[in-house]
Amino acid sequence: MRVLLVEDDDRLAAALIPALARHGHQVVRAARADDALRLKDTCEFVLLDLGLPDLDGLEALRRLRRVSSVPVIVLTARTAERDVLRGLRSGADDYLAKPFRTAELAARMAAVMRRGSRPLATAGPVVEAGDVRIDLTTRQVEVAGAEVALTRREFDVLALLAREPGVVRSREEILDELWGDVRLSASRSLDVHVAGIRAKTGRPHLVQTLRATGYRLAVD
Ligand code: CA
């Protein structure tokens, strides 16, 4: 299979490319996230290092997931559980901590392929909440039939809640998924975006705040 290896470490890439070739894979290498995003459609599988020179790997993964459902295994020296969870939530199919054996990587790749492709995060349906219509594919929001212009971030927050209507998403989860960051500055910015959604839609109860828990999209 054609595999895109996104890895800035020349020595690791030089070792991995022939090793994967022995498992029958043809490897295309990208040393930077922007090259990876450019080359994504040429490959059937992506191996993604998180420490990249031009963009955090998790942000690269989020950008990739907006446009592609290609299987991704994250390869990283970061082993903190939080990073693993964040990586998987951002859309990785599996995760392997460095150093690893090529045989294990090849086995994990085969397991991911057997499971089949994941649904595209952006290919969601239209979600309706009262007279608010949220189209997750075209990123359009209508209130009582009239289109409302949200900012990109406001829409991201609304779409995240709309993917699971009625389900409470914690602040931390939202911040992790959209900002990759749970610091106070991002947290304040989330409040601003929620206020923006309420004001622009004129539906103050569309996004419900659950004190000390998080937010949810009101569907009733
Ligand atoms: Ca690296």
Side-chain angles (χ1 to χ4, degrees), residues 1-115 117-118 120-122 152-153 156 160 172-186 189:
M1 143 173 98
R2 269 175 77 85
V3 177
L4 177 60
L5 172 64
V6 190
E7 171 61 72
D8 60 322
D9 183 330
D10 291 335
R11 279 171 45 189
L12 201 146
L16 203 49
I17 291 169
L20 284 169
R22 284 193 290 277
H23 286 270
H25 302 304
Q26 189 190 344
V27 180
V28 175
R29 184 196 169 197
R32 297 167 55 88
D34 56 3
D35 293 331
L37 291 166
R38 191 167 46 78
L39 291 166
K40 65 184 188 317
D41 294 330
T42 65
C43 295
E44 301 147 80
F45 207 101
V46 174
L47 301 174
L48 177 67
D49 173 37
L50 291 189
L52 295 170
D54 56 331
L55 189 64
D56 179 76
L58 289 178
E59 179 56 30
L61 181 54
R62 272 189 290 274
R63 291 189 192 177
L64 176 69
R65 274 291 170 253
R66 282 183 204 138
V67 292
S68 171
S69 58
V70 67
V72 176
I73 290 182
V74 160
L75 305 175
T76 183
R78 300 183 200 172
T79 48
E81 188 187 22
R82 180 175 181 77
D83 281 318
V84 178
L85 292 175
R86 198 188 273 181
L88 293 175
R89 267 210 302 264
S90 301
D93 295 274
D94 202 354
Y95 173 97
L96 204 52
K98 293 175 184 174
F100 53 81
R101 291 181 312 118
T102 315
E104 177 166 17
L105 175 60
R108 298 272 194 107
M109 289 166 70
V112 167
M113 290 308 283
R114 276 197 303 274
R115 286 207 300 269
S117 66
R118 55 192 289 135
L120 241 186
T122 51
R152 184 174 64 86
R153 275 305 191 200
D156 288 343
L160 188 151
E172 191 179 67
E173 218 179 315
I174 298 169
L175 292 168
D176 247 9
E177 200 162 321
L178 298 183
W179 278 265
D181 183 347
V182 294
R183 283 174 304 184
L184 193 62
S185 56
S189 145

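Count residues from 1 along the sequence. Counting starts at 1 for both ligands and their atoms, in listed order. Quick caveat: nothing in here was measured; it's all calculated off a predicted structure.
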Please determine whether Asp9 has a backbone or side-chain N, O or S atom lying under 3.0 Å from the Ca ion (ligand 1). no
Residues Arg63 and Asp56 bridged, charged N to O under 4.0 Å: no
How is the N/O/S atom of Asp49 that comes nearest to the Ca ion (ligand 1) named? OD2
Metal check, the Ca ion (ligand 1) vs Asp8 N/O/S, cut-off below 3.0 Å: yes
Backbone N/O of Val112 and side chain of Asp94: donor-acceptor pair under 3.5 Å: no
Taking Val72's backbone N and O only, do any of them form a donor-acceptor pair with Asp93's side chain (distance below 3.5 Å, no angle check)? yes
Where is the tightest heavy-atom contact between Leu160 and Ile174, given as atom of each residue plus distance? CD2-CG1, 3.9 Å
For the Ca ion (ligand 1), decide whether Leu12 has an N, O or S atom at a distance under 3.0 Å. no
